[in-house]
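Only heavy atoms go into these numbers, but all of them, side chains included; no hydrogens, no water, no symmetry mates. Lettering follows sequence order; numbering is per chain, from 1. Nothing here was measured: the structure is a model prediction, and the numbers come from that model.
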Number of protein chains: 2
Amino acid sequence: MLEERKKKVLKAIVEEYINTAEPVSSNSIVNNYDLNYSSATIRNEMADLEKIGLLEKTHTSSGRVPSEKGYRYYVDELIKEDNISLEEVKYISDKLETKVNEIEELTKIAANTISEVTHYTAVSIGPKTNKQIIDNIKFVLLNTRMMLAIILTDAGLVKETIIKFDEDVNEKQVETMNYMFNNKLKGEPIEKIDRPLEEYLYDEMTYSVKVIKPVIEQIKKALGEEQLHLEGANKSFELPEFNSLEVAKNFVNILDKKDLVEDVLESGLAEDINVYIGEENKQDELKDFSVVTFKHKVGDKDLGTIGIIGPKRMDYSKVISVMKYINKKLKDIE
Amino acid sequence: MLEERKKKVLKAIVEEYINTAEPVSSNSIVNNYDLNYSSATIRNEMADLEKIGLLEKTHTSSGRVPSEKGYRYYVDELIKEDNISLEEVKYISDKLETKVNEIEELTKIAANTISEVTHYTAVSIGPKTNKQIIDNIKFVLLNTRMMLAIILTDAGLVKETIIKFDEDVNEKQVETMNYMFNNKLKGEPIEKIDRPLEEYLYDEMTYSVKVIKPVIEQIKKALGEEQLHLEGANKSFELPEFNSLEVAKNFVNILDKKDLVEDVLESGLAEDINVYIGEENKQDELKDFSVVTFKHKVGDKDLGTIGIIGPKRMDYSKVISVMKYINKKLKDIE
DNA sequence: TTTTAGCACTCTTCATTTTTGATTGCTAAT
DNA sequence: ATTAGCAATCAAAAATGAAGAGTGCTAAAA
């Protein structure tokens, strides 16, 4: 347990560093934060905080910079109040009130809003489908060789996909499919659309493999496609840490790897807001960045995940407050 | 009209510069290209080419760099043969053979392929819908307050969109809508879904505005949404010109502005391949970049546009060859 | 007339040195 | 326990200098 004054010093240094991106000197916090001690006293405290690994120096005569452990302590112990202004609350409420017909659309809007308010890069991904319960499957014949499959889940998710055939298909066949698929799948989780089901259907239906196979294949493909979305990639480039070409390049590379970003969004374990600082990230590529994510959930229903990827020197207090507020708002909507 | 030797010198300089990104000296092209003259002779030619504005110097004692006019001359007059290898042809053919059910998907794959083969950043956008002829409109009731609208066009495009209602809707209403919309719109271009049509439908149908209005609104919205797609943003960052932070930042900013990229893709006027070099771009933001685009078209049917955004020092010969080949292949598929 | 060898001149790049200034840690006084 | 004061440290910026790549021009050669 840290003494009260040490906490104050650490908090001041973290916040000053978040603001300026420059190593923080003993003098600068004496002047700008209400610590009525001389710089020498602060220096002693800083030396202590460095000893227990919460601060770091870039070189012997430089100011201090928070270590990852320092940020972690700050996030866990030193941010108490919400850091969100009335204007921001208003702005967020307004944007989330847009009428949308699809959950994915809402998630995108939320990601966009977070990026706008925090000035960091946001990513989002639609709901994980494979655990969702199938409520209804509809097939609609578009023409003799083209059909639309529509899958509705209990979470209110609607997925459509086009299926093309190599031979003509008629209404009667589609009706049978409608019956068979619903009969077999209604109430089951989406992941049930698997190998055994395929075989069952081959057996059960008299229609050729040429008809059933593309249906199953395409449905699986469509449901598997995670729709990744990116907001405000350019915003990060305004930050001083992105003046290093290496950092900028790494960042672009990360955003370009969809699998990686997906993995980042999916690896959040906490109930509400996940914060991963630098090396805490499971992904090697992210060890110089911080990530904050949350799952948009109503009950057990997973409706998508939204995250921010930014520098370790991230305004955690703002980001977490905004995310909490948006998460709450989203729950209200659904 | 340029003398033959001057053409050779210009070609050599442009190609050397495309390869090395370094100002080209008289010596380097004497050694590496088959110009059997002394460096002094080449220097004289270079001075002449500079006088007529095809070359530039970065400072008095530096080698030459092509001017935009120089690149233009190179593109228009100096690239004759296709610059595409057997391996590349094979690679492209293989990738385009992937079975896809939607045109947008095919366009994405094509964009990805172009990016892979040329190592530049590719962007693509789905077809402009408003001129397409409506072949069929289908409405499918998903539940009492949710409906799916499916629009098929003569170009083989299928667009679906979900529509939510504030009041319950029944099958009979949907049937009437099916009839009315098709009756009024089949054979008409999509842009016909406009104000007069709305009013006509309000009059003609007995259902409340609460039902008709969201249908029209949402259909218009869904059809208006251009699906922008990006491939290989990170590839550009490997190029030496992107070592300048300013250039890198500009580039990220461009890619982030969807309207701008859309505009870039849409502003191609040429019949097949459009090449815009630096200041030739209508968009201010692109004056330090070059853009090559083409429209994926079958007959009059617009099926999407694909483009590359890269440095002015772009391998025009490779990019144009690859695009021509892919364009041809795409036509074969449809 | 065209081409080229040769050389002075220009300018960038890179490495090295010097200067400046911010900041610390320590010591001794408060 | 706190702080004033000061030497020591180190990065960043500025200044200096040497090396080298490339040109343009002139006068000779083809």
Side-chain angles (χ1 to χ4, degrees), chain A residues 2-10 12-14 16-17 19-67 70 240-241 243-246, chain B residues 2-10 12-17 19-67 70 240-241 243-245:
Chain A
L2 237 43
E3 300 133 56
E4 217 46 47
R5 192 172 67 187
K6 284 207 170 51
K7 283 190 190 174
K8 275 192 181 172
V9 171
L10 179 59
I13 291 177
V14 172
E16 182 71 4
Y17 187 63
N19 277 330
T20 63
E22 297 287 335
V24 180
S25 74
S26 49
N27 250 307
S28 68
I29 59 172
V30 169
N31 297 328
N32 304 319
Y33 295 78
D34 64 330
L35 285 159
N36 288 316
Y37 298 94
S38 75
S39 63
T41 307
I42 303 299
R43 269 203 294 287
N44 291 331
E45 295 288 42
M46 283 160 86
D48 290 352
L49 287 166
E50 185 175 359
K51 239 169 250 152
I52 49 174
L54 296 175
L55 293 181
E56 282 171 355
K57 274 195 288 196
T58 57
H59 58 90
T60 30
S61 68
S62 78
R64 298 305 203 295
V65 161
S67 67
E241 22 274 283
N243 286 0
S244 147
L245 214 79
E246 211 200 336
Chain B
L2 237 43
E3 300 133 55
E4 218 45 49
R5 192 171 68 189
K6 284 205 170 54
K7 283 189 189 175
K8 276 191 180 171
V9 171
L10 179 59
I13 292 177
V14 172
E15 290 177 356
E16 183 70 4
Y17 187 62
N19 278 330
T20 63
E22 297 288 335
V24 180
S25 75
S26 49
N27 250 307
S28 68
I29 59 172
V30 169
N31 297 329
N32 303 320
Y33 295 77
D34 65 329
L35 285 159
N36 287 317
Y37 299 94
S38 75
S39 64
T41 307
I42 303 299
R43 270 202 295 287
N44 291 330
E45 295 288 41
M46 284 160 85
D48 291 351
L49 287 167
E50 187 176 358
K51 239 168 250 151
I52 50 174
L54 296 175
L55 293 179
E56 281 170 356
K57 273 195 289 197
T58 57
H59 58 88
T60 32
S61 69
S62 79
R64 297 306 203 296
V65 161
S67 67
E241 22 275 282
N243 287 0
S244 147
L245 214 77

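- By the 4.5 Å heavy-atom criterion applied to side chains, B:Arg64 and B:Glu56 are not counted as neighbours.
- For the pair B:Leu35 CG and C:dT4 C1', the computed distance is 15 Å after rounding to whole Å.
- Spacing between atom CD1 of B:Ile42 and atom P of C:dT2 amounts to 16 Å, rounded to whole angstrom units.
- Straight-line distance from the CD atom of B:Glu45 to the P atom of C:dT4: 11 Å, rounded to whole Å.
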query: Reading nucleotides 10-30 of chain D from the 5' end, what letters show protein touch, with B for base, S for backbone sugar-phosphate only, - for no heavy atom under 4.0 Å?
result: BS----------BBB------

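- Proximity of B:Thr41 to B:Arg5: side-chain heavy atoms (C-beta onward) are separated by under 4.5 Å at one or more points.
- Here C:dT13 presents its P atom at 14 Å from CG of B:Asn243, a figure rounded to the nearest Å.
- No donor-acceptor distance shorter than 3.5 angstrom exists from the side chain of B:Ser26 to the backbone of B:Ile42, with no hydrogens or angles considered.
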Please write out each protein N/O paired with an N/O of nucleotides 16-18 of chain C under 3.5 Å, distance rounded to 0.1 Å.
none

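- The shortest distance between the side-chain N/O atoms of B:Arg5 and the OP1/OP2 oxygens of C:dT3 is below 4.0 Å.
- Of the possible donor and acceptor atoms, none in the side chain of A:Ser28 sits under 3.5 Å from a partner among the backbone N and O of A:Val24.
- Counting heavy atoms from C-beta on, the side chains of B:Leu54 and B:Ile13 never come closer than 4.5 Å.
- Proximity of B:Asp48 to B:Ile52: side-chain heavy atoms (C-beta onward) are nowhere separated by under 4.5 Å.
- Between A:Tyr37 and A:Glu45, the closest side-chain pair of non-hydrogen atoms is not below 4.5 Å.
- At a threshold of 4.5 Å between non-hydrogen side-chain atoms, the residues B:Leu35 and B:Val30 do not count as touching.
- A straight line from CD of A:Glu56 to P of C:dT23 spans 18 Å, rounded to a whole angstrom.
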